[in-house]
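Please read the structure below before turning to the comments.
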Amino acid sequence: MPLLLRSGGVTWVTWGNRKKEANRKFPNGGWARLDSIKAGKWKPWHPRPVLIVADQFMEKDYDEQSHWIELDKTLVIQGLLAERTKEQKIEQRVYVVTTETPPEYAWIHDRWPRLVKFQVKSR
């Protein structure tokens, strides 16, 4: 997943942990509910907020149909950077932070990426 750096550049970090990976160091899936973050459930992974660069995102509805949602240029997706140390090497994964779905999209899914305003700072 592309993450925005403070310098304005972009770096890539592996998205989540798929079941087929069987990586026990990270939670399965690719999402982190905001309420679980606030409840401290992510503390073992030393969570840090990050910004995910995207023009759009896709959600599947209850019938597994894909719906692409365009993002306003002033919005980015909030992510959670999770870390574990293995043999003195830091492993990282990024999870999409989710929150309640806006009412107009409730028919698609019960979770929604947390969108935050972002303004490019001029130098």
Side-chain angles (χ1 to χ4, degrees):
M1 243 213 223
L3 302 184
L4 188 62
L5 298 171
R6 291 181 194 268
S7 66
V10 173
T11 190
W12 290 83
V13 175
T14 302
W15 177 27
N17 186 30
R18 302 292 174 242
K19 288 180 185 177
K20 65 184 176 186
E21 287 182 82
N23 185 334
R24 295 186 181 138
K25 292 185 175 29
F26 293 97
N28 283 335
W31 301 270
R33 290 189 183 269
L34 184 59
D35 56 353
S36 72
I37 297 167
K38 289 181 177 180
K41 293 180 181 178
W42 285 85
K43 280 189 178 186
W45 294 277
H46 313 286
R48 290 187 305 173
V50 292
L51 301 177
I52 300 168
V53 181
D55 294 330
Q56 57 187 337
F57 65 92
M58 188 266 297
E59 284 289 345
K60 287 191 177 191
D61 64 24
Y62 298 101
D63 295 323
E64 296 295 316
Q65 296 297 312
S66 299
H67 300 275
W68 285 94
I69 310 297
E70 297 274 333
L71 288 178
D72 180 290
K73 299 287 183 211
T74 63
L75 296 175
V76 292
I77 300 169
Q78 183 177 9
L80 175 146
L81 186 65
E83 294 183 339
R84 283 289 208 198
T85 303
K86 178 183 178 184
E87 298 170 8
Q88 299 195 1
K89 179 184 175 205
I90 296 175
E91 292 184 54
Q92 297 179 321
R93 299 289 173 107
V94 65
Y95 292 80
V96 174
V97 174
T98 61
T99 189
E100 289 185 29
T101 304
E104 64 270 26
Y105 294 109
W107 59 275
I108 294 178
H109 208 284
D110 67 342
R111 61 157 166 71
W112 202 252
R114 185 170 194 224
L115 305 176
V116 294
K117 290 210 178 276
F118 176 75
Q119 186 173 348
V120 177
K121 296 177 183 171
S122 56
R123 297 180 185 201

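Note that the structure is a prediction, hence the values are computed from the model and not measured.
Residue V53 is not grouped with residue L5 when hydrophobic side chains (ILVMFWY) are merged at heavy-atom distances under 4.5 angstrom, including chains of intermediate members. Cluster membership for L71 and V76, using ILVMFWY side-chain heavy atoms within less than 4.5 angstrom, is not shared. A continuous path of hydrophobic side-chain contacts links V50 to V96 [ILVMFWY only; heavy atoms under 4.5 Å].
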Indicate every side-chain donor-acceptor pair of residues 40-49 with a distance under 3.5 Å to a residue at least two apart or in another chain.
| unit_1 | atom_1 | unit_2 | atom_2 | d |
| --- | --- | --- | --- | --- |
| W42 | NE1 | S36 | OG | 3.2 |
| W45 | NE1 | K25 | O | 2.7 |
| R48 | NH2 | E83 | OE2 | 3.0 |

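Take W107 and apply the ring pair (Phe, Tyr, Trp, His ring centres under 6.0 Å) test, not counting sequence neighbours, and it matches H67. Evaluation of the ring pair (Phe, Tyr, Trp, His ring centres under 6.0 Å) rule for W31 yields W15 as partners, not counting sequence neighbours.
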Practice task
Using the side-chain contact (heavy atoms from CB on, under 4.5 Å) rule, take K117 and L75 through it: C-alpha gap first, then chi angles, then the decisive distance, then the call.
Solution key: CA-CA 5 Å; K117 290 210 178 276; L75 296 175; 4.0 Å; yes
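Atoms CD1 and CZ, from I52 and R114 in turn, are 12.5 Å apart once rounded to the nearest 0.5 Å. T14 contributes atom OG1, which lies 10.5 Å from atom CE of M1 (distance to the nearest 0.5 angstrom). Note that the CD atom of E70 and the CZ atom of F57 stand 10.5 Å from one another [nearest 0.5 Å]. The line from CD of Q78 to OG1 of T99 is 9.5 Å long, rounded to the nearest 0.5 Å. For the atom pair CG of L81 and CG of L3, the computed distance is 6.5 Å after rounding to the nearest 0.5 Å. How far CG of L34 is from OG1 of T98: 8.0 Å, rounded to the nearest 0.5 Å.
Between R18 and G30 the shortest heavy-atom distance is NH1-N, 3.7 Å. Closest approach of W112 and E100 over heavy atoms only: CB-O, 3.9 Å. The shortest non-hydrogen separation linking Y62 to H109 is OH-C, 3.4 Å. Closest approach of N17 and F26 over heavy atoms only: ND2-O, 2.9 Å. Smallest separation of non-hydrogen atoms from V10 and P2: CG1-CB, 3.7 Å. What you find for I77 and A54 is that their closest heavy atoms are CD1-CB, 4.0 Å.
Residue D72 places its CG atom among more than 12 non-hydrogen atoms of other residues, nucleotides or ligands, all under 6.0 Å distant.
Between D55 and K73 there is a side-chain heavy-atom pair separated by less than 4.5 Å. T101 is not listed as a side-chain neighbour of I108, based on a closest heavy-atom distance of 4.5 Å or more. Here the side chains of V94 and W12 are not in contact, with every heavy-atom distance at 4.5 Å or above. Contact of the R93 side chain with the P27 side chain is not registered, since no non-hydrogen atoms from C-beta on lie closer than 4.5 Å.
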